[in-house]
Each structure stands twice: as C-alpha cells, then as structure tokens.
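Encoded as structure tokens, the structure appears first; notes follow it.
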Amino acid sequence: MKQGNMLAMILAGGRGSRLHELTDKVAKPAVSYGGKYRIVDFPLSNCANSGINIVGVLTQYESVLLNSYVAAGSRWGLDSDDAGVFVLTPREKADSGLDVYRGTADAISQNIDFIDQYNPEYLLILSGDHIYKMNYDKMLQAHIEQGANATIAVRPVPIKEASRFGIMNTNEDGDIVEFEEKPAHPKSNLASMGIYIFTWKDLRKLLISDMKDPDSDHDFGKNIIPTMLAENKKLIAYRFEGYWKDVGTIDSLWEANMDLLDEKDELDLSDPTWRIYSEDASSLPAYIGPDAVLDRVYLTQGTQVEGTAKNSVLSTLSQVKAGAKVIDTVLMPNAKVEEGATVTRAIVASGVKIGKGAVVGSADSENIILVSKNVKGVE
Amino acid sequence: MKQGNMLAMILAGGRGSRLHELTDKVAKPAVSYGGKYRIVDFPLSNCANSGINIVGVLTQYESVLLNSYVAAGSRWGLDSDDAGVFVLTPREKADSGLDVYRGTADAISQNIDFIDQYNPEYLLILSGDHIYKMNYDKMLQAHIEQGANATIAVRPVPIKEASRFGIMNTNEDGDIVEFEEKPAHPKSNLASMGIYIFTWKDLRKLLISDMKDPDSDHDFGKNIIPTMLAENKKLIAYRFEGYWKDVGTIDSLWEANMDLLDEKDELDLSDPTWRIYSEDASSLPAYIGPDAVLDRVYLTQGTQVEGTAKNSVLSTLSQVKAGAKVIDTVLMPNAKVEEGATVTRAIVASGVKIGKGAVVGSADSENIILVSKNVKGVE
Amino acid sequence: MAAKAFGIVTSTPRRVNVYGLQDYRPAGAFTFIGKFRVIDFPISNFSNSGIKNIQVYLNKHPKALTDHLGTGRSYNLNSKRDRLQLFYCNHHMENEVYNTDVSDYLDNLHHLEDLPQEYVIIAPCYMVYKQDFSTLLDDHILSGADITMLYHRVNNARDHFLNCRVMGVDQDQMVTSLEINRGNRQNQCVFMDTYILKKSLFIDLVQRTAKYSSTYSLSQMLSVLIKREEYEIRGVQHKGFFASVDDLQSYYESNLSLLDPKNARDLFQDGWWIYTRTTDSNPSRIYDTATVKNSMIANGCQVEGTVENSVVGRAVHIGKGAVVRNCVILDHARIGDGVTLDSQIVDKYAQIIRTKEIIGTPGQPGYVHRADRL
Amino acid sequence: MAAKAFGIVTSTPRRVNVYGLQDYRPAGAFTFIGKFRVIDFPISNFSNSGIKNIQVYLNKHPKALTDHLGTGRSYNLNSKRDRLQLFYCNHHMENEVYNTDVSDYLDNLHHLEDLPQEYVIIAPCYMVYKQDFSTLLDDHILSGADITMLYHRVNNARDHFLNCRVMGVDQDQMVTSLEINRGNRQNQCVFMDTYILKKSLFIDLVQRTAKYSSTYSLSQMLSVLIKREEYEIRGVQHKGFFASVDDLQSYYESNLSLLDPKNARDLFQDGWWIYTRTTDSNPSRIYDTATVKNSMIANGCQVEGTVENSVVGRAVHIGKGAVVRNCVILDHARIGDGVTLDSQIVDKYAQIIRTKEIIGTPGQPGYVHRADRL
C-alpha cells in the first residue's frame with residue numbers, strides 16, 4: 001500500500017449551538033481547548049500523524065477564523081507540495097446553484113469533484129468536535145485486511161448509557177449486522193464514534209443515488225449506513241479504547257479541560273510519538289509572580305499569574321492579577337481576571353475581562369457558567 | 001510605513017461565461033495562460049512582489065480547483081507564518097444565512113470580519129482576470145502622499161475606444177472629478193483598470209451603509225465610487241503604462257498568448273526583478289524530436305514536439321505528434337495533437353485530444369475556435 | 001515598501017566564550033528564557049523592521065542553527081523575493097586566530113556583491129535587545145555619516161561586558177574611540193556590535209581589513225580607522241533592555257533579569273513579536289504539591305516541587321520535594337525528587353537524581369553539562 | 001503506513017571526480033538534463049517509496065545543496081513526523097584520505113541511534129536511477145539476508161564505470177566479491193552503492209570500520225567482510241535506466257542518453273515523480289530563425305540559432321546563427337551569434353561570444369568553466 005491513498009474529510013459544519021456564545025464568532029472546531037489548542041487540532045494532528053496528506057474541512061458557518069486557522073497547513077506539517085488542508089464551503093457549479101449542505105452525506109456529495117481530484121482509494125470521514133488521539137492508518141489496515149466496504153470506529157460505553165448513542169450490533173466476527181440510533185433496549189454497548197472509512201468507489205455510487213432521493217436526510221447514520229446494511233455490504237466495527245471525549249456542551253468542554261489536570265492523564269498530550277500540533281504564541285513563557293499561588297494548574301506560554309489559580313486551565317496570554325482567585329475554571333486565550341476578582345466553576349471565553357473585585361460563579365453551581373462578556377468590576 | 005499594512009482582495013467571483021467551456025470546471029482565474037501560468041498567478045505574484053502578505057480570493061463558483069491551487073500559498077512565497085492566501089466563499093453567520101455575493105462591493109462587505117482580523121490601514125481591490133505586472137506598493141505610496149480616500153489605477157486607451165470603458169475624468173491635479181461608465185462622448189481617455197486602493201476605515205463605513213441600501217447594486221463602479229465622489233472625498237487616478245490585457249474572451253485570451261511570441265515582449269516574463277510565480281510540473285524539460293519543426297514557439301517543460309509547431313504557445317505536458325501541425329494555436333496543459341492532425345487558429349483546452357489526421361480550425365476564420373472536447377481522428 | 005538594506009547576523013566571534021554551553025552549539029543557538037534561542041532576537045528585529053533579506057553566517061556546529069532557522073518561515077522571512085540565507089564558513093582548525101567575521105565575508109563575497117540593497121545592517125548573534133532598524137536606517141541616511149554604530153550606556157562595566165568593546169562618543173555623537181573594555185570604569189558606552197553602512201563601503205572595509213591583517217575582525221579594523229579619523233562615524237545610543245551573552249555569568253544573569261516585569265515588558269511589546277520555531281510542546285502541569293514563585297516556566301513541564309526565581313525550559317520535570325532556586329534550567333532536564341539546586345545552569349537532558357544538593361551563588365553560578373547524570 | 005526504514009543519501013565519495021564541475025559544487029548538486037540536480041533522483045526514490053525520514057550528508061560546499069533541498073517541501077518531505085535532515089560533516093583538509101562516509105556517520109552517530117526505524121536504506125548522491133525502495137525492503141526482509149546490495153549489469157565496463165565497484169554474484173544471488181572495476185571485462189555487475197540492512201548492523205559496521213582503518217569507506221569494509229563470508233549478503237539486479245555520474249565523460253553521456261525516448265520513459269513514469277525545487281522560470285521562446293532537433297530545452301531559454309542533439313539548461317540564450325551540437329549547456333549560459341559548439345559541456349553563466357568555434361568529440365567532450373567569458 002502506498003501512502004496517500006486515503007483522503008480525510010472533517011465534518012465541521014455544525015454551529016455547535018449547545019456551546020452557546022463560544023461559537024458566535026468561530027465555528028465549533030475552532031473553539032479553544034486545553035490551554036493552547038483548538039478542537040480541530042485533534043483530527044488534523046491525528047491525520048498528519050497517520051500519514052494522511054490531504055484533508056478537507058467541510059463547513060458553512062463562520063468559516064473565516066477556521067479558514068485562516070486551518071489554511072496554514074504548516075502547523076500540522078500538512079504543507080508539502082502534495083499535501084494540504086482545504087476548507088470546503090458550499091459553492092455554485094456549472095449545473096447547480098449555491099446551496100447549503102443538507103446533511104453529513106450531502107456535504108460529502110457536494111464535494112465529490114474535490115475528492116475525485118486526488119483519486120483516493122479510501123475516504124475517511126471524521127467529526128470536528130471530539131478530543132482523542134487515534135491512528136487512522138491502523139483502522140485502514142483493518143478495513144483492508146477484512147475486505148470491508150465500510151469500517152466504523154466504535155467504543156464501548158456503559159450498557160446503561162448505551163441508549164444515548166448510536167449502537168452497532170455485531171456478530172462474532174465483528175461484522176456489523178444492525179445499527180440502532182439511541183435504542184430503548186440496546187443489544188450491545190458499542191457506540192459509533194462518527195468515524196468512518198469507506199472504499200471510495202463504493203461510497204461514491206451510494207452518494208450519487210442518495211443525492212437524488214427526495215426522502216433522504218442525506219445523513220451517514222440515518223441513510224448511508226442503513227442502505228449499506230440493507231444491501232448486505234460488509235461493514236465492520238473497529239474498536240477504540242483510549243481517551244475520547246465529545247466536547248459539544250459547555251459542561252463536557254469544561255470536563256475535558258479538567259481531565260488534563262489529572263495525574264493519570266489518559267490523553268497524554270506530551271507523548272512525543274503522537275504530538276498534537278497547534279499554533280504557538282510569540283510570547284514569553286508562563287510568568288508566575290512573586291506572590292502567586294498555584295495548585296493543580298495546567299498552563300501555557302504567555303500566561304501571567306500573580307494571584308491564585310487552583311484546579312484550573314489557563315490558556316495562552318490569560319492573566320490572573322494580584323489578589324484574584326481562579327478556581328475550577330478554564331480561562332480561554334486572552335481572558336483576564338483583574339485584581340481581587342474571584343471566578344469559580346466557569347469557562348471564561350476568549351478576550352473576556354473579569355473586572356476588579358467581581359465574583360463570578362460558585363463552588364456549588366450545578367452547571368458550569370460560561371462567561372462570554374466582560375464583567376464589570378466592583379469598586 | 002511598515003510592511004503589511006495593506007491587505008489585498010481579488011474579485012474572482014465571475015463565472016467568466018464569455019470564456020465558454022474553459023470555465024465549466026474551473027473558475028475563470030484558474031484558466032491557463034502562457035504555457036505554465038494560470039490567470040490568477042498575475043495578481044497573486046504582483047501582490048507577493050509588492051510586499052503584500054495577506055490576500056483574500058473571493059469566489060462562489062467552482063472553487064475546488066481554485067481553492068486547491070491558491071491555498072498552496074508557497075507557490076507565491078505567501079506561506080510564512082504571518083502570510084496567506086485565503087479563498088473566501090459566502091457563508092452563514094450568527095446573524096445571517098448563506099447568501100451569494102450580490103456585487104463586487106457586497107463580496108467585500110460579506111468579508112469585513114476577515115479583513116478586520118488583520119486590521120489593515122489600506123485595502124487593495126483587484127480583479128482576477130487581467131494579465132499585467134504592477135507594483136501596488138508604488139500605487140500605495142501615491143495614495144498616502146496625496147492623502148487620498150481612494151486611488152484608482154487607470155490606463156490611457158485610444159480615445160475612439162474610450163466609450164467601451166469606465167472613464168475617469170480628472171482635474172489638473174490628477175484628482176478624479178467624475179466617473180462615467182461607457183460614456184457616449186468621453187471627456188478623457190483614462191480607463192479604470194478595476195484596481196482600487198481604499199483607506200480601510202473610510203471604505204468600511206461606506207460598505208456598511210451600502211449593505212443596507214435596498215436600491216444599491218453593491219458594485220464599486222456603480223455605487224461606491226459615485227457615492228464617494230458625491231461626498232467630495234479625495235479620489236485620485238494612478239496612471240499605469242505597461243502591458244495590460246483583459247482576458248475575458250476567447251479571442252482576447254488567444255491574443256494575450258500570441259503576444260508572448262513577439263520579440264518585443266512588453267510583458268517580459270523573464271524579468272528577474274518581477275517574477276510571475278506558478279506551479280511547476282515534475283516533468284522532463286521540453287523535448288523536441290529529431291524530425292520536429294519549430295518556428296516562433298513559446299513552450300514550457302513537459303512539452304513534446306515531434307511534428308510542426310508555428311506561431312503557437314505549447315503548455316505543460318502538451319504534445320504535437322509526428323506529422324501533426326499546430327499553427328497560430330494555443331495548446332493548453334495536457335492537450336494532445338495526434339499524428340498527422342492539423343490545428344489552426346484555435347485554443348485547445350486542457351486535456352483535449354485531437355485525433356489522428358483530424359483538421360481543426362482554419363487560417364482565415366474570423367474568430368478563434370475553442371476546442372473543448374476530444375476530436376475524433378480520421379483513419 | 002522595498003527595504004533599502006539587507007541584514008547580516010554574524011557568526012560567533014572568537015572572544016565570546018560561554019563555558020560549557022558553547023561546546024555543544026554556537027552562541028546564537030543558546031536557549032534563552034526557556035523557549036527562545038538568542039539568535040531569535042536579532043532576526044526578529046530585522047523581520048519586524050521590514051528588512052527581509054538576511055544573511056546568517058555559520059561557523060562551528062552549523063546544524064543547530066540550520067535546523068532552528070530552516071527556511072525562515074517562523075520569522076516571516078521565506079517570501080520568494082527576500083529570504084533568510086545561511087552561509088557556511090570554513091572553520092579554521094589550524095589556528096583559531098584566522099576565524100574572523102572578515103574571513104566569513106570573504107568566503108561569500110560574491111553573494112554580498114549580488115544583493116541589490118544599498119545599505120547593510122550588521123547585528124551580532126549573541127546580543128539580546130529590541131531595535132527598530134528601519135528608523136535607525138532612516139536616521140543614518142539623514143545624518144550623512146559613513147557609519148552608524150549602536151551603543152548602550154552601562155554603569156557596571158568594571159565587572160561586566162568585559163568581552164565587549166567600549167566606545168568614546170563626543171557631544172556631536174561622533175565616535176572618537178573603540179577599544180576592548182578593560183574594566184577600568186563603571187560607566188561606559190558598550191558597542192553593541194551593531195552598525196549600518198553602505199554595502200559598497202562595507203565591502204571596501206572587508207577587503208581593506210584582509211589586507212591589513214588576516215586575523216583582524218571588522219571591529220578591530222574600525223578601532224584603527226576611528227583613530228585615523230578617516231570616516232565620519234556616528235554613535236547612536238540604544239535604550240531599553242540590553243544583554244550581551246558572551247560568558248557563562250552573562251548568560252545566567254541575562255536570563256534571570258527578565259523575571260523583572262519591567263525588563264520583560266521592554267523586550268516583548270505588542271506588534272514587535274519575537275519569533276521562534278515551534279516545538280509543539282504541550283502546556284505545563286503544576287501539581288498540588290508544587291510551589292512556584294517569581295519564575296518563568298516554558299511549555300511541556302511537570303512541576304511537583306518548588307521553583308523560585310528561576311527560568312525553566314521546555315519539558316523539564318521537577319520532582320516532589322525538589323527545590324530549584326535562582327536557576328536556569330534548559331529543555332528536557334530532570335530534577336529528581338528531593339533534590340535541591342541553587343544558582344545553577346542545568347544544560348539540556350541533564351538528570352540530577354542521585355546528587356541531592358548543588359549550591360552555587362548568583363555571583364558564581366554552577367554549570368551542569370548536557371545529558372550528564374548526577 | 002509508517003515506514004520501517006529511514007534513508008541515507010551519502011556525501012560525494014573521494015573517488016568521484018568530475019573535472020571542473022566539482023570545483024564549484026558537490027556531485028549531488030550537478031544540474032542534470034537541464035532542470036534537475038543529480039540528488040533529486042535518490043531523494044525522489046525515497047519519497048515515492050514512502051520513506052520520508054531521510055538524512056543527507058554534506059561534505060564540501062554545503063550551501064549548494066542546503067539552498068536546493070531547503071526543508072524538503074519540494075519532495076513532500078517536510079511533515080512534522082518525518083523529514084529531510086541535512087548533516088554537516090567535518091571536511092578533513094589536512095588529508096583527503098580521512099574523508100569517508102564512515103567519518104560522516106561517526107560525526108552524527110547519536111542522530112542515527114535516535115531514529116525509531118529498524119532498517120536503513122543507503123543510496124548515493126551521484127547515481128541516477130529509479131527504484132522502488134519499499135518493495136526492495138520487503139524483499140530484503142523476506143529473504144532473511146543480512147544485507148541486500150543493488151547492482152546493475154553492464155556490457156561496457158572496460159571503458160566505463162571505472163570509478164565504481166563491481167560485484168560477483170553466484171546463482172543463489174549471493175554476493176561473492178566486491179572490488180574496484182579494473183576495466184578487465186566488458187560484462188560486469190556494477191554495485192550501485194545502494195544497500196539495505198538493519199540499523200543495528202549498520203551502526204556495528206560503521207564502528208567496526210573505524211577500528212579497522214580510519215581511511216576505509218563502508219564499501220571497502222564490505223569487500224573485506226564478503227571475503228570473510230561473515231554475513232549473508234544478497235545481490236539484487238536493478239533493471240531500467242542507470243547512470244553513474246563520477247567523471248566528466250559519464251556526466252556528459254548520461255545527460256545526452258536521456259534524449260533517447262526509451263531511457264526517458266523508463267526514468268520518468270506517471271506516479272513516480274522526480275521532484276525538484278522550482279526556479280520560477282518562464283517558458284522558453286523559440287524564434288523564427290531557430291532550428292531545434294532531438295534536444296531537451298529547459299525553461300527560460302531564448303533560442304535564435306540551431307540546437308541539435310543537445311541538452312539545454314534554464315535561461316540559456318543561443319544567438320542567431322549559432323550552432324550547438326552534441327552539447328550539454330548549463331543554466332544562464334550565453335552562446336553568442338554565429339558561435340559553433342560541438343561536444344561541449346558549458347558550465348553556468350559562461351558566455352561564449354568572441355571565440356567562434358569550439359569543437360570536441362563525443363568521446364572527449366570539452367568543458368567551459370563557470371562564468372568564463374570566451
């Protein structure tokens with residue numbers, strides 16, 4: 001097998017409305033995570049580390065920041081002459097007008113010409129809002145070895161939670177025999193991760209007929225996979241065991257950040273064999289002042305701490321001023337907590353300032369507070 | 001003045017329907033020219049050579065090839081960490097749906113957020129379908145020195161043809177006092193080249209009010225420039241004297257190619273101080289066989305000539321087989337003229353094959369023939 | 001605007017001698033405040049000043065800088081028109097005295113002659129400061145002087161800057177002398193090895209120096225010419241943070257001096273970015289057992305112990321109960337549980353596990369060799 | 001799939017001696033058929049074979065190759081995981097005999113040891129051929145041999161390949177001997193300086209060679225070891241186009257041999273791209289006064305005269321009435337009006353204006369020096 005025969009498409013279309021104001025000005029995959037990363041760094045770095053050269057990022061919502069961000073493919077080493085990251089938005093064609101992506105499958109269908117340009121044997125479909133490290137090349141090996149038409153990555157979930165997921169029922173060979181979306185009585189605990197490898201020529205045919213089907217939702221889970229099962233195609237489940245987190249809500253985004261404070265650190269971003277690439281700020285290293293107090297903190301370059309930070313993630317160029325307290329909180333890039341302010345159980349959005357002496361959030365709130373606008377000081 | 005305070009936007013939206021089938025699968029700026037170039041190489045190389053780092057390419061039509069092409073900013077040296085070429089298509093925003101660009105000005109208005117990201121002092125507006133070499137930095141110097149709100153590049157045209165152009169009437173200081181689109185009785189021979197420099201904060205305000213104006217065509221020539229004149233803003237004309245060609249039709253595209261055969265060669269693509277950058281094929285140099293006849297030919301690497309080529313431009317990987325004749329013709333990349341075929345006064349589109357012994361075009365045709373489909377051989 | 005000058009970053013001169021560190025890499029490649037290399041500062045000065053055609057001269061150990069600088073992309077210097085170019089000079093092993101900047105330039109004279117720019121700005125690879133070369137150049141042209149030399153006023157020259165040259169400057173800002181700092185006065189104008197002149201004069205001087213003595217550097221030649229009053233040479237005073245990294249003590253002090261927020265603010269200003277190559281390190285984790293005060297911590301670290309008044313480089317591990325005070329710790333070092341360090345420079349990949357205490361003084365910091373295990 | 005091997009492109013060995021050309025650049029940097037450099041071929045072989053971690057060893061004149069190779073982007077070798085790395089070796093001026101590949105490897109041994117790949121594939125910088133290293137590696141692993149050596153059968157070894165080594169290969173494809181070609185037979189198996197072995201064995205051999213003799217290359221050591229039958233060493237025959245650029249005659253002949261479409265088709269195949277750094281040259285213009293037959297013309301040329309059986313590099317100007325036959329013309333050369341050249345190699349930037357005729361023979365081509373004016 002020669003390298004470069006699998007092309008990846010990242011579905012980044014969603015407005016991510018459960019992330020509220022965080023996605024007002026940036027598409028969900030461009031949302032910050034873990035101090036210096038953006039969510040889309042994960043699938044992109046996984047691609048780069050898996051030896052995939054061409055990655056399409058499908059979006060139609062607020063693509064400017066995402067566009068500028070991913071177009072610099074050099075961040076992930078995806079900028080050699082035959083490699084590239086391309087933002088693909090809906091467009092007019094010789095035979096059709098400008099139209100939104102009608103579903104996950106339609107987003108791919110509308111870009112068949114893009115894919116054909118590179119003539120790949122296999123197509124990898126990814127979601128833009130999951131935090132995990134995965135070697136897609138190993139998944140491709142399984143796909144090839146077992147002669148599958150489609151391979152779906154699955155992970156075991158506690159059986160009692162299984163009814164919240166798309167569940168794959170497999171036979172003893174690992175072949176998928178049934179797919180149930182949020183089954184009331186799940187027969188298996190293998191949840192789909194929304195990661196698919198298709199043999200491109202098989203999928204291409206299906207997409208073309210799906211495009212014409214007026215009753216289709218043009219969705220992989222609802223239409224394409226059931227059609228393949230109905231046609232007795234070989235679909236296999238590929239089990240993934242490592243750290244995986246959907247960061248589609250404020251609470252889950254906060255949790256995923258907090259996981260980085262854990263000494264066990266299942267995600268392990270320091271692994272030199274599987275780096276997650278991102279952009280780097282031209283800033284000083286993290287500066288910790290003479291009177292600062294740090295206790296379980298994940299912090300990155302450009303951070304300035306002169307007050308107290310506890311159980312918190314401090315992102316690029318965020319500041320905790322003298323006398324301020326940041327507890328169980330994520331400060332996104334450029335967030336500033338002014339003198340004497342206290343922030344507890346919150347995500348403070350990029351560039352937001354918490355004024356002097358202000359108090360935001362509380363230790364016993366049920367949900368995490370998203371602070372997306374400046375908070376006035378108390379003087 | 002620091003470098004990087006002017007950002008460029010290339011209006012590449014047009015489907016270029018006067019170029020017929022050449023733009024069926026590629027946007028007009030991606031059409032081939034001069035053996036190894038694409039039209040968009042000219043504004044992009046001019047930008048790179050003028051020290052402009054950030055270039056937006058505005059398109060909504062068939063952007064896939066254009067996207068893959070320009071996204072590799074390295075071709076023009078526009079890939080350092082603070083530089084980039086970005087394809088900007090219409091997109092959904094927090095407060096608006098997906099909508100086509102309603103005019104040249106609207107295309108800029110819809111991307112105000114993109115421009116603001118870089119906080120430029122000046123904005124350069126370019127068209128994607130002109131062949132010329134121009135130092136936009138000199139034009140900016142004129143704009144700054146004269147304290148203009150807008151500077152419009154103009155070139156002198158023969159006065160009897162002036163009624164075909166947008167004409168700028170200036171006072172003795174070079175200030176524009178009137179703009180007439182295709183005037184029946186032109187008062188001046190200075191035609192607008194569709195190249196504008198605006199002081200960004202001035203333009204920004206105008207664009208925002210123009211967006212809301214239901215009667216506006218959202219066009220620079222029809223709306224923005226007249227509004228500025230009406231408001232007594234300082235608009236100046238910047239005279240350009242060098243080679244310039246609009247390649248919007250098959251005939252003019254052919255002519256622009258033929259100009260390269262001229263020994264006078266006003267365009268001078270070999271000028272080491274102002275290179276036009278493009279992509280390079282991983283091919284052999286041009287190969288000329290033992291029985292080939294070449295007479296006034298412009299040819300590039302990967303070309304193979306075993307027959308006769310006269311007054312012609314032969315593009316990357318094009319072939320003229322033994323006994324074939326190519327006269328007064330442009331072979332686009334990968335075009336093949338098989339044994340014994342004859343092509344006269346034509347543009348043969350990319351990848352098109354003229355079969356053995358076929359005869360295409362004639363020496364006395366009024367217009368240039370566009371051959372966009374394979375021509376069967378005569379056997 | 002097309003720049004009127006190109007830039008030169010010189011190779012490490014003979015008199016720069018940083019104990020230990022320099023055995024492994026040239027001075028320009030030294031890690032600075034945890035995440036930069038010293039050479040990032042002159043190159044960022046050029047890039048921020050719009051001077052995008054830059055020659056970097058490499059002498060010993062070229063690989064360290066070649067890997068770091070690459071094509072100059074991190075510094076926005078890889079456009080097709082202008083670029084960062086690396087020049088390899090023959091390192092004369094037969095006798096160190098032959099290794100001068102003049103010999104570097106002579107090796108590559110045709111590359112210098114080919115450049116279209118009228119002026120050249122020369123900056124050293126081993127000094128850290130911020131300077132807008134574009135305004136300096138404009139001033140130079142306006143002044144009509146043949147050469148503009150940059151200097152910094154210091155008040156501790158008796159025991160600092162002893163590897164530097166000091167200048168005499170008269171009230172008209174003309175340079176009256178240039179000589180090695182012999183430590184005989186506290187107040188001195190230290191020559192920052194940074195100067196501007198026409199390319200034609202530069203090439204003249206290079207050739208003239210070579211004829212004068214095969215072992216003379218351009219600075220040495222300038223000393224002679226200043227005495228002879230042959231040229232109009234102007235001194236311009238630099239203000240703001242300035243450090244010369246020319247021996248172990250100055251390396252140590254200049255790193256720690258940036259813990260002072262005033263110095264840090266002076267060197268790092270919005271819009272005047274200091275560029276460097278990314279290493280894609282993850283953020284650092286500070287454990288509940290840690291205490292960190294008045295320190296800089298680069299990315300990729302795990303801090304379980306105490307860090308005070310120190311600069312900690314990338315991917316350093318500081319174990320439980322370890323105490324690191326007044327130290328400069330370089331990348332990938334490992335300070336074991338319960339180890340106490342004071343006033344130490346710990347080179348890359350060193351592991352201090354079994355030796356439980358190493359104490360120096362800020363006036364005489366200790367040095368732990370690269371990859372040593374203690 | 002993650003590659004099991006990394007690649008090494010060796011520095012120019014002592015015995016390669018290309019008159020004139022080599023005074024200005026190492027063999028890998030020679031222009032080949034007008035638009036490539038010789039080193040593009042081994043590097044493209046690696047890249048096309050999915051072997052993306054490549055070490056290139058540089059000895060004399062490193063700048064020519066550093067500028068050309070850059071970060072490896074042109075070869076698709078600049079990903080964050082794998083990359084093209086350049087290694088600078090000390091060129092021993094005190095005595096040429098010390099300049100061996102073994103000394104190069106010893107200078108950079110820790111870089112070799114750090115690589116995660118199990119196998120190493122070594123290819124020379126001065127030979128031109130197409131080879132899928134990925135299948136060669138698979139075969140090597142399947143065979144169970146310790147070393148696989150690549151050879152090419154030639155039938156003109158009496159007066160060609162005299163700077164190469166020739167191999168004995170028995171019917172089981174085992175290598176029985178390796179020695180300098182003494183020109184005593186036409187039919188020979190020429191060793192292509194290309195071999196595969198485990199990294200651990202490679203490092204063993206490097207260290208063993210250094211102990212055996214400070215002047216021995218790895219090939220010389222292999223000769224010894226083959227005699228001793230210590231290892232199982234397999235020979236694999238290479239088919240297709242093959243050229244060794246090791247003297248002026250072979251440089252000349254190998255360039256012109258690619259005018260044969262059979263050879264060109266063999267070396268340049270769809271999907272097996274030969275990568276090189278772009279120079280952004282414009283296309284070439286052939287004037288109405290020109291006659292061009294059986295030739296290759298690179299970009300940027302202006303041809304007003306006659307060109308036959310020749311290879312013409314970039315931006316060459318061939319004047320009116322000039323006749324260029326059986327020549328290899330390098331970049332930016334200028335052949336004046338009415339000048340006749342036959343069987344010449346004209347180096348870069350040379351201008352032949354006043355000398356109106358220079359005639360050699362294909363068996364003994366002439367050479368015109370770089371930037372000379374004749």
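Per chain, numbering begins at 1; letters A, B, ... match sequence-line order. This is a predicted model, so every value here is computed, not measured.
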task = Check the surroundings of atom NZ in C:Lys130: do more than 12 heavy atoms from other residues, nucleotides or ligands lie under 6.0 Å from it?
result = yes
query = Would the number of heavy atoms belonging to other residues, nucleotides or ligands and lying under 6.0 Å from CD of A:Glu266 be above 12?
reply = no
Interchain contact, [X] with chain C, by part (heavy-atom threshold 4.5 Å):
{"X": "A:Thr303", "answer": "neither"}
{"X": "A:Leu314", "answer": "neither"}
{"X": "A:Ala281", "answer": "backbone"}
{"X": "A:Asn311", "answer": "neither"}

request  = Heavy atoms only, distances under 4.5 angstrom: which of A:Asp265, A:Ile288, A:Asp280 has the most pairs with chain C? Name it, please.
outcome  = A:Ile288
For chain A, which of [options] has the most heavy-atom pairs under 4.5 Å?
{"options": "C:Leu267, C:Asp288, C:Asp40", "value": "C:Asp288"}
{"options": "C:Ala264, C:Ser281, C:Ala298", "value": "C:Ser281"}
{"options": "C:Tyr287, C:Trp273, C:Tyr275", "value": "C:Tyr287"}
{"options": "C:Ile33, C:Val303, C:Asn282", "value": "C:Asn282"}
{"options": "C:Met296, C:Gln302, C:Arg73, C:Arg285", "value": "C:Arg285"}
{"options": "C:Val312, C:Thr289, C:Ile286, C:Asn309", "value": "C:Ile286"}

ask   = Using 4.0 Å as the upper bound for N to carboxylate O, is an ion pair formed by C:Asp347 and C:Arg25?
value =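 Salt bridge between C:Arg25 and C:Asp347, a charged N being under 4.0 Å from a carboxylate O: yes.
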ask   = If contact means a heavy atom pair closer than 4.5 Å, which residues of residues 267-274 of chain A contact chain C?
value =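 Heavy-atom contacts from residues 267-274 of chain A to chain C are A:Leu269, A:Ser270.
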message = Going by side-chain hydrogen bond (donor to acceptor under 3.5 Å, both in side chains), C:Arg314 matches just one of C:Asp331, C:Thr279, C:Thr31. Which one?
response = C:Thr279
message = Tell me whether C:Ser295 contacts the main-chain N or O of C:Lys293 through its side chain, where contact means a donor paired with an acceptor under 3.5 Å.
response =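 Confirmed, C:Ser295 side chain pairs with C:Lys293 backbone.
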query = Parallel, tilted or perpendicular: which fits the ring planes of C:Phe36 and C:Phe268, with parallel below 30° and perpendicular above 60°?
reply =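 Judged by the thresholds at 30° and 60°, the geometry between C:Phe36 and C:Phe268 is tilted.
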ask   = Would you call the rings of A:Tyr37 and A:Tyr33 parallel, tilted or perpendicular, where under 30° means parallel and over 60° means perpendicular?
value = tilted
task = Verify side chain to side chain contact (heavy atoms under 4.5 Å, CB included) between A:Arg296 and A:Lys310, making sure each step is shown before the conclusion.
result = CA-CA 6 Å; A:Arg296 283 189 101 228; A:Lys310 191 172 171 181; 5.8 Å; no
